[in-house]
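Accompanying notes for the structure given below.
Please read these numbers as outputs of a predicted model, since none were measured by experiment. Here is how names work: the chains are called A, B, and so on, in the same order as the sequence lines, proteins then strands, and each is numbered from 1.
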Amino acid sequence: MEINAVRGTRDILPDENIKWQYIEHIVRNIFARYGYTEIKTPIFERTELFIRGIGETTDIVEKEMYTFLDRKGRSLTLRPEGTAGAIRAFLEHKMFASSPLTKLFYIGPMFRYERPQAGRYRQHTQIGAEALGSINPFVDAEIITMLINIFEHLGLKNLSVELNTVGCKECRPVYRDKLQEYLAASENELCEDCKNRLTRNPLRILDCKVSSCKEIVKNVPDIADSLCSDCQKHFDSVKKYLDLVEIKYIRNKFLVRGLDYYTKTVFEISYENLGAQNAVAAGGRYDNLIEELGGPSMPGIGFAMGIDRLVIAMDDQKISFPKEEVDVFLAIMGEEVAKYAFNLIHILRKNDIHAEVLYENKSLKNQFSYAGKIGSKFVIIAGENEVLKNIITIKNMETKQQSEVNLEEAIAIIKAQVDRLKV
RNA sequence: GUGGGUGUAGCUCAACUGGUUAGAGCAUCAGGUUGUGGACCUGAGGGUCGAGGGUUCAAGUCCCUUCACUCACCCCA
């Protein structure tokens with residue numbers, strides 16, 4: 001019986017992994033410029049953390065967590081998102097005590113027990129960032145501009161930024177009541193799910209995909225008209241900052257996020273051709289979460305983006321990824337020269353040259369064919385002639401020029417042609 | 001958890017209303033060129049037709065069951 005990868009998980013094979021490394025490389029550089037430093041937290045935590053952090057009535061907690069008991073009967077859960085763990089670490093190490101502002105980022109796998117579909121996996125990888133300690137709308141706008149900056153560096157186009165606010169402890173309940181009252185009039189026309197949401201979480205009706213619900217929701221009161229003055233000013237400032245640097249966004253009054261902890265600013269960046277799951281990045285502000293997890297009263301904001309989906313979007317736009325190039329292939333003729341060849345390729349590599357070789361004794365034709373296939377710039381032949389005459393036979397695969405030189409000259413020839421080695 | 005679609009060679013796909021030994025392209029390997037690549041030519045290897053059961057003289061094809069993949073819903077990166 002063949003064992004294969006479990007449902008919703010997959011192997012990232014070398015050809016695709018090149019893309020992942022490239023994305024991570026770009027993202028790390030940009031984070032560095034914005035002052036975000038990397039944190040690694042465990043991929044499993046006590047279940048309690050996610051229940052308190054994400055919210056008991058969210059779908060993630062209710063039905064999507066990979067939860068198990070360890071040998072001592074403690075309930076543990078594979079992390080479904082990154083914020084809760086990052087904040088836990090932030091509090092556990094009292095990072096708030098040594099700095100007024102902490103900016104963290106992380107890259108790693110997340111786990112959700114959902115049915116897989118296009119752009120959705122049970123194990124997927126998120127790149128996330130959290131800015132802890134500032135209530136200033138400056139940060140909200142900055143974090144969105146940072147994301148745009150990342151996408152621009154990756155060469156991704158046609159992304160749309162959607163922006164909304166979900167208010168705070170003061171004004172959200174007011175809006176919630178208003179909304180509930182408005183929707184109650186059409187209760188019988190709502191879908192079954194939304195009938196439940198009406199009492200449990202009316203805000204979620206706003207992004208229901210059932211067309212009849214969409215119709216009902218169309219003229220619903222706008223939360224922007226119910227905000228307290230603090231949230232109102234905050235939202236206005238965020239928009240002004242974005243306008244200032246000419247970042248285009250769409251105000252979407254139906255945008256509400258699935259996690260309970262969000263306050264004020266929420267946003268989502270999506271790409272149309274991804275299929276039904278079209279968000280590549282999303283996030284928002286969470287001004288009560290740190291305190292709810294047992295820390296000081298302290299605001300925060302963060303986002304997460306999915307590498308799996310980024311790769312799909314970049315493939316869709318046919319964005320090319322730089323790949324490692326082979327500088328020289330060493331063709332070995334006959335077993336007698338094995339020692340000579342072993343030493344030679346060792347020296348080449350010590351000189352930072354990417355040298356490849358096939359270990360099996362194959363025909364020269366076959367070896368040249370392979371060198372062409374892997375795109376090697378040069379081929380060096382290690383045969384009896386070379387050993388006897390103590391010379392290096394080197395061929396430039398593009399110009400087809402072949403010459404006999406000594407070792408130093410061979411290295412110089414290669415370095416002159418390979419950008420990476422020129423200094 | 002619910003619904004639709006699809007499972008044939010390493011990959012992409014053929015095989016008419018059931019009918020002999022299941023084919024092709026790409027890839028791989030060998031030879032044409034015994035020390036020289038991409039093109040071309042010739043040839044070779046590679047399949048329990050997803051699995052199990054049933055109908056039939058006969059099943060890749062029809063029926064049932066099951067598994068996997070896939071897309072969509074709920075929800076989300």
Side-chain angles (χ1 to χ4, degrees), chain A residues 1-10 13 15 54 57-65 79-83 106-129 147 191-194 196-197 201 204 207-211 213 255-259 267-271 274-283 302-313 329 331-334 337 360 362-386 393-402:
Chain A
M1 184 182 83
E2 195 180 5
I3 298 175
N4 39 26
V6 312
R7 163 167 278 193
T9 70
R10 62 200 186 114
L13 303 180
D15 279 349
I54 300 168
T57 61
T58 58
D59 277 34
I60 291 180
V61 169
E62 279 184 344
K63 55 183 200 188
E64 294 174 2
M65 295 206 301
R79 63 182 181 194
E81 55 97 55
T83 302
Y106 54 82
I107 299 176
M110 305 297 162
F111 305 84
R112 289 182 202 170
Y113 194 93
E114 311 170 275
R115 284 288 279 272
Q117 72 185 70
R120 176 203 277 167
Y121 308 95
R122 287 185 174 179
Q123 175 178 336
H124 66 280
T125 303
Q126 290 184 7
I127 297 173
L147 271 167
C191 70
E192 284 309 305
D193 286 331
C194 284
N196 284 324
R197 290 179 182 131
N201 197 347
R204 300 302 290 285
D207 68 350
C208 182
K209 281 179 186 168
V210 177
S211 57
C213 294
L255 179 68
V256 288
R257 315 247 48 252
L259 288 67
F267 58 90
E268 199 168 294
I269 299 178
S270 53
Y271 178 62
L274 281 184
Q277 313 305 322
N278 62 2
V280 289
F303 72 82
M305 58 187 190
I307 301 188
D308 307 73
R309 290 182 188 174
L310 267 182
V311 170
I312 297 170
F329 177 83
I332 301 177
M333 295 297 294
V337 300
E360 312 319 316
K362 299 203 175 196
S363 70
L364 192 61
K365 174 181 171 160
N366 188 295
Q367 296 191 67
F368 262 90
S369 169
Y370 183 75
K373 186 189 159 191
I374 63 176
S376 182
K377 287 198 179 62
F378 294 93
V379 169
I380 287 179
I381 300 174
E384 280 180 51
N385 290 345
E386 285 74 16
T393 301
I394 183 166
K395 178 176 180 178
N396 182 319
M397 294 292 275
E398 279 160 43
T399 64
K400 299 183 182 181
Q401 275 184 341
Q402 185 164 316

*List in chain and number order the residues that pass side chain to side chain contact (heavy atoms under 4.5 Å, CB included) with A:Gln277, two or more places apart in sequence or in another chain; answer none if no residue qualifies.*
A:Gln117, A:Arg120, A:Arg309

Donor-acceptor pairs under 3.5 angstrom involving side-chain atoms of residues 367-384 of chain A: please list them, not counting sequence neighbours.
{"from": "A:Gln367", "atom 1": "OE1", "to": "A:Ile332", "atom 2": "N", "distance (Å)": "3.0"}
{"from": "A:Gln367", "atom 1": "NE2", "to": "A:Ile332", "atom 2": "O", "distance (Å)": "2.8"}
{"from": "A:Gln367", "atom 1": "NE2", "to": "A:Lys362", "atom 2": "O", "distance (Å)": "3.1"}
{"from": "A:Ser376", "atom 1": "OG", "to": "A:Phe329", "atom 2": "N", "distance (Å)": "3.0"}
{"from": "A:Ser376", "atom 1": "OG", "to": "A:Phe378", "atom 2": "O", "distance (Å)": "2.7"}
{"from": "A:Lys377", "atom 1": "NZ", "to": "A:Glu325", "atom 2": "OE1", "distance (Å)": "2.9"}

Quick one: which protein N/O atoms are closer than 3.5 Å to N/O atoms of nucleotides 44-48 of chain B? Pair and distance per line, please.
none

_Taking side chain to side chain donor-acceptor pair (under 3.5 Å) as the definition, give me every residue that meets it alongside A:Glu114, ordered by chain and number, with sequence neighbours left out._
none

_With sequence neighbours excluded, residues passing side chain to side chain donor-acceptor pair (under 3.5 Å) with A:Arg79_ = A:Thr41

*Which string of ( ) [ ] | and . matches RNA chain B, if you list each base 5' to 3' and count Watson-Crick or G-U pairs only when both distances are under 3.5 Å?*
(((((((..((((.....[...)))).(((((.......))))).....(((((..]....))))))))))))....

Got a list of protein N/O to nucleotides 2-5 of chain B N/O distances below 3.5 Å?
{"from": "B:U2", "atom 1": "O4", "to": "A:Arg115", "atom 2": "NH1", "distance (Å)": "3.0"}
{"from": "B:U2", "atom 1": "O4", "to": "A:Arg115", "atom 2": "NH2", "distance (Å)": "3.3"}

Using atom names, set out every protein N or O paired with an N or O of nucleotides 33-39 of chain B below 3.5 Å, distance rounded to 0.1 Å.
{"from": "B:G35", "atom 1": "O6", "to": "A:Asn385", "atom 2": "N", "distance (Å)": "3.0"}
{"from": "B:G35", "atom 1": "O6", "to": "A:Asn385", "atom 2": "OD1", "distance (Å)": "3.2"}
{"from": "B:G35", "atom 1": "O6", "to": "A:Asn385", "atom 2": "ND2", "distance (Å)": "2.6"}
{"from": "B:G35", "atom 1": "N1", "to": "A:Glu386", "atom 2": "OE1", "distance (Å)": "3.1"}
{"from": "B:G35", "atom 1": "N1", "to": "A:Glu386", "atom 2": "OE2", "distance (Å)": "3.3"}
{"from": "B:G35", "atom 1": "N2", "to": "A:Glu386", "atom 2": "OE2", "distance (Å)": "2.9"}
{"from": "B:U36", "atom 1": "O2", "to": "A:Lys395", "atom 2": "NZ", "distance (Å)": "3.3"}
{"from": "B:U36", "atom 1": "O2", "to": "A:Gln402", "atom 2": "OE1", "distance (Å)": "3.4"}
{"from": "B:U36", "atom 1": "N3", "to": "A:Gln402", "atom 2": "OE1", "distance (Å)": "2.6"}
{"from": "B:U36", "atom 1": "N3", "to": "A:Gln402", "atom 2": "NE2", "distance (Å)": "3.2"}
{"from": "B:U36", "atom 1": "O4", "to": "A:Gln402", "atom 2": "OE1", "distance (Å)": "3.4"}
{"from": "B:U36", "atom 1": "O4", "to": "A:Gln402", "atom 2": "NE2", "distance (Å)": "2.2"}
{"from": "B:G37", "atom 1": "N7", "to": "A:Lys395", "atom 2": "NZ", "distance (Å)": "3.4"}
{"from": "B:G37", "atom 1": "O6", "to": "A:Met397", "atom 2": "O", "distance (Å)": "2.9"}
{"from": "B:G37", "atom 1": "N1", "to": "A:Met397", "atom 2": "O", "distance (Å)": "2.6"}
{"from": "B:G38", "atom 1": "O6", "to": "A:Lys400", "atom 2": "NZ", "distance (Å)": "3.4"}

*asked:* My understanding is that only residues two or more places apart in sequence, or in another chain, count here; which of them pass side chain to side chain contact (heavy atoms under 4.5 Å, CB included) with A:Arg10?
replied: A:Ile12, A:Glu16, A:Trp20, A:Tyr121, A:Asp308

*Can you name the salt bridge (Lys or Arg N to Asp or Glu O under 4.0 Å) partners of A:Arg204, sequence neighbours left out?*
none

*Counterpart residues, side chain to side chain donor-acceptor pair (under 3.5 Å), relative to A:Thr125 (two or more places apart)*: none

*Only counting residues at least two apart or in another chain, list the ones meeting side chain to side chain contact (heavy atoms under 4.5 Å, CB included) with A:Gln126.*
A:Met110, A:Arg112, A:His124, A:Ala304

